[in-house]
Amino acid sequence: MSGFQSPRGLRDLLEPLASAHGWATDRAWAAADAAGYARIELPIAEESALFERAVGGTSDIVSKELYRLEPRGDDAVTLALRPEATAGAVRAYIQHGMRSQPQPVRLATVAQLFRYDRPQKGRYRQFTQFDIEAIGDGGPGIDLEVIELGAAYLRELGLTDVQVHLNSVGCATCRPAYVETLRAHFTPVSQELSEVDQSRLATNPLRLLDSKEPAAVKRAASAPVITDHLCADCAAHHAVVASGLATIGVTVLAAPRLVRGLDYYTRTAWEYLLPGEQGQQGALGGGGRYDGLVELLGGTPTPGIGFAIGIDRVVLALEARGLLPIAASGPAIVVAGIEPESVAERVAIAAQLRAAGASARADVSTRKIGKQIEGAVRDGALAVIIVEPDGRLTLRDLVKASQAEPAERGGVIAAALRLVQNEG
RNA sequence: GUGGCCAUCGUUCAAUGGUUAGGACCGUGGUUUGUGGAGCCGCAGAUGAGGGUUCAAUUCCCUCUGGCCACCCCA
């Protein structure tokens, strides 16, 4: 009795979500095109080692969340389904010698990603991200361009209250000193911290800033903020970005506790957030500058910056706000028929209408004509063409509820096309 | 990976340790020998899976599967 069902965390997208998903994806490509970002389609799997290198020693990510594929045949390497797009994009940048192109190289993709996570609403094992990367420019100007591009994309979808939470995570020069300052701040209360937070204190004190544990939250409130501890270069960079975004008109909130877990991240870090959403569902995406990543993956030292916006979350937010685009409606014209034998004729007429640019389908059933018309109405059709027993056609206007006299085929088809042009 | 809540037709809600698990929506057919979403009358359709307790389980218990929530993680 029990049949197959989609595996955990992997879902079917049915209407109207399927159309919304496609729409948000189309708009993402269009936004990238308009800004001069080159489209790049990356493989859905890479060497597992690429992702492992990118996330370094962060054991949870590698051991828990990567979908590895067993090597087979002559392949010696283990592949993994991509959990992110950036690593692949940077790999492509290096592999194809894009450093010899004008810098920065602007890349855009919409990618299906896979992470073995415990699923929740807005958090799936297969998900889609709109990904933008600009590689080869270390200045703050490109930061402004990239941040604005993502914010504008979300705004144009209708999420007009999107906020950008902005921070700088410093660089190899200033961050280590700040981390020690942070460690010194939390150490006096280390006995009060949870077990998880105590290990964070030892290995990654930055993560204490976004801990959920009450003791850590309390102490974090008085913690020194990184923006007060940036080196001169980082501070200057951050100042340009922060003031520039205000000028551009992006809603910016300083988020001095916004952190990144990986060492290759530098300077600018931000997230796109929607206020008022439940849980993490308001977190639509985020971005960061990764001046250390190209080198980490084997290229010459090259700065880079990018963002990823979760299409699934975007669609959820649109749905929650009643902003889903109208799902693709049924065909404008339905070709019905009196006699069952007219099916081929109906299909042929529908094809002719489509070839002329209209949306049309034949009613291929043997139902009585009344049911066929009812079906057309429920599909949202504007007109029905009825194939009469004598081969002539009758055009019925479903909007005006009026019907013409039966006539010859050519004239009726032309009239139907005019009708849907005027009313559609 | 940890903890918790949940699981009944396609959808959304009922009910019950004991005949045929009920309604609404959707679907389908009739009403209407050939013309509109209504009304009326039919039809189809479910206790997620597997064990256990019991004379009897959809109901109680366990496991699995899946959804959701918090945590972990969030590249």
Side-chain angles (χ1 to χ4, degrees), chain A residues 1-12 14 46 50-66 80 82-90 111 113-125 127 129 131 194-197 199-200 204 207 210-213 258-265 269 271 278-281 283 285-288 290 293 296-297 306-308 310 313 334 336-339 363 365-389 394-403 406:
Chain A
M1 181 60 220
S2 160
F4 292 111
Q5 59 182 333
S6 62
R8 172 171 244 192
L10 309 181
R11 60 193 184 131
D12 301 310
L14 307 180
E46 299 268 1
L50 172 70
F51 302 121
E52 290 165 22
R53 176 86 64 84
V55 297
T58 313
S59 56
D60 256 14
I61 292 176
V62 170
S63 65
K64 229 172 69 177
E65 300 184 10
L66 207 53
R82 57 184 176 186
E84 56 156 334
T86 303
V90 168
L113 308 179
F114 300 85
R115 296 181 190 174
Y116 187 82
D117 250 351
R118 194 81 168 260
Q120 287 177 214
K121 196 173 187 67
R123 178 176 182 168
Y124 310 104
R125 290 181 172 178
F127 56 102
Q129 285 188 344
D131 193 82
S194 68
E195 202 171 318
V196 172
D197 283 336
S199 76
R200 284 174 172 142
N204 197 353
R207 281 291 172 199
D210 56 10
S211 170
K212 312 291 192 303
E213 304 282 350
L258 173 61
V259 297
R260 290 280 120 99
L262 303 176
D263 285 342
Y264 61 74
Y265 279 107
E271 289 181 357
Q278 291 295 311
Q280 286 300 300
Q281 291 166 41
Y290 47 83
L293 183 58
L296 181 66
L297 296 182
F307 70 69
R313 293 264 177 93
V334 172
I338 306 295
E339 307 285 352
D363 189 314
S365 75
T366 56
R367 295 183 295 181
K368 288 189 294 192
I369 189 64
K371 290 292 179 185
Q372 294 185 41
I373 292 174
E374 184 178 320
V377 170
R378 297 170 81 128
D379 266 7
L382 301 173
V384 172
I385 290 175
I386 300 161
V387 180
E388 301 290 344
T394 302
L395 176 62
R396 182 172 181 82
D397 182 331
L398 294 177
V399 178
K400 295 177 183 159
S402 63
Q403 186 166 318

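Letters A, B, ... mirror the listed sequences (proteins, then strands); counts begin at 1. Keep in mind that the numbers below use all heavy atoms, side chains included, and drop hydrogens, waters and symmetry copies.
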If I pick the [atom1] atom on [M] and the same atom on [N], what distance separates them, to the nearest angstrom?
N	M	atom1	value
B:U28	B:G37	C1'	16 Å
B:A70	B:A56	C1'	40 Å
B:C9	B:U47	C1'	10 Å
B:C74	B:U12	C1'	34 Å
B:U58	B:G50	P	11 Å
B:U54	B:U2	C1'	35 Å
B:G22	B:U16	C1'	11 Å
B:U20	B:A44	C1'	16 Å

Salt bridge check, A:Arg260 against A:Glu271: does any charged N sit closer than 4.0 Å to a carboxylate O? yes
Set of residues satisfying side-chain hydrogen bond (donor to acceptor under 3.5 Å, both in side chains) with respect to [X], sequence neighbours excluded:
X	result
A:Asp117	A:Arg123
A:Ser365	A:Asp363, A:Arg367
A:Gln281	none
A:Asp131	none

Taking only N/O atoms, report every protein-nucleotides 69-75 of chain B pair under 3.5 Å with atom names and distance.
from, atom 1, to, atom 2, distance (Å)
B:C69, OP1, A:Gln281, NE2, 3.2
B:C69, OP2, A:Lys121, N, 2.7
B:A70, OP2, A:Gln120, NE2, 3.0
B:A70, N7, A:Gln120, OE1, 3.4
B:C72, OP1, A:Arg200, NH2, 3.1
B:C72, O2', A:Asp60, OD2, 3.4
B:C72, O2, A:Lys64, NZ, 2.9
B:C72, N4, A:Arg123, NH1, 2.6
B:C72, N4, A:Arg123, NH2, 3.1
B:C73, OP2, A:Arg200, NH2, 2.2
B:C73, O2', A:Glu65, OE2, 3.0
B:C73, O2, A:Arg123, NH2, 2.8
B:C74, OP2, A:Arg207, NE, 3.3
B:C74, OP2, A:Arg207, NH2, 3.4
B:C74, O2', A:Arg115, NH1, 3.1
B:A75, O3', A:Tyr265, OH, 2.7
B:A75, O2', A:Glu84, OE1, 2.8
B:A75, O2', A:Glu84, OE2, 3.4
B:A75, O2', A:Tyr264, OH, 3.3
B:A75, N7, A:Arg115, NH1, 3.1
B:A75, N6, A:Glu65, OE1, 2.9
B:A75, N6, A:Arg115, NE, 3.4

Residues in salt bridge (Lys or Arg N to Asp or Glu O under 4.0 Å) with [X], at least two apart?
X	result
A:Lys212	none
A:Glu46	A:Arg91
A:Arg11	A:Asp312
A:Arg396	none

Select base, sugar-phosphate, or nothing to describe what A:Gly9 touches, counting heavy atoms under 4.0 Å on all strands. sugar-phosphate
For A:Phe307, all residues meeting ring-ring contact (aromatic ring centres under 6.0 Å, His included), sequence neighbours excluded: A:Phe130, A:Tyr272
Nucleotide by nucleotide, 5' to 3', does protein get under 4.0 Å of the base (B), only the sugar-phosphate (S), or neither (-) in nucleotides 31-41 of chain B, counting heavy atoms? SS-BBBB----
Side-chain donor-acceptor pair present, A:Asp197, A:Ser211, cut-off under 3.5 Å: yes
Measure from CD on A:Gln5 to P on B:G50 and round the result to the nearest Å. 13 Å
Fill in the dot-bracket string of RNA chain B, one character per base: . for unpaired, | for a pair to another strand, ( ) or [ ] for pairs within the strand, taking Watson-Crick or G-U pairs under 3.5 Å. (((((((..((((....[...)))).(((((.......)))))....(((((..]....))))))))))))....
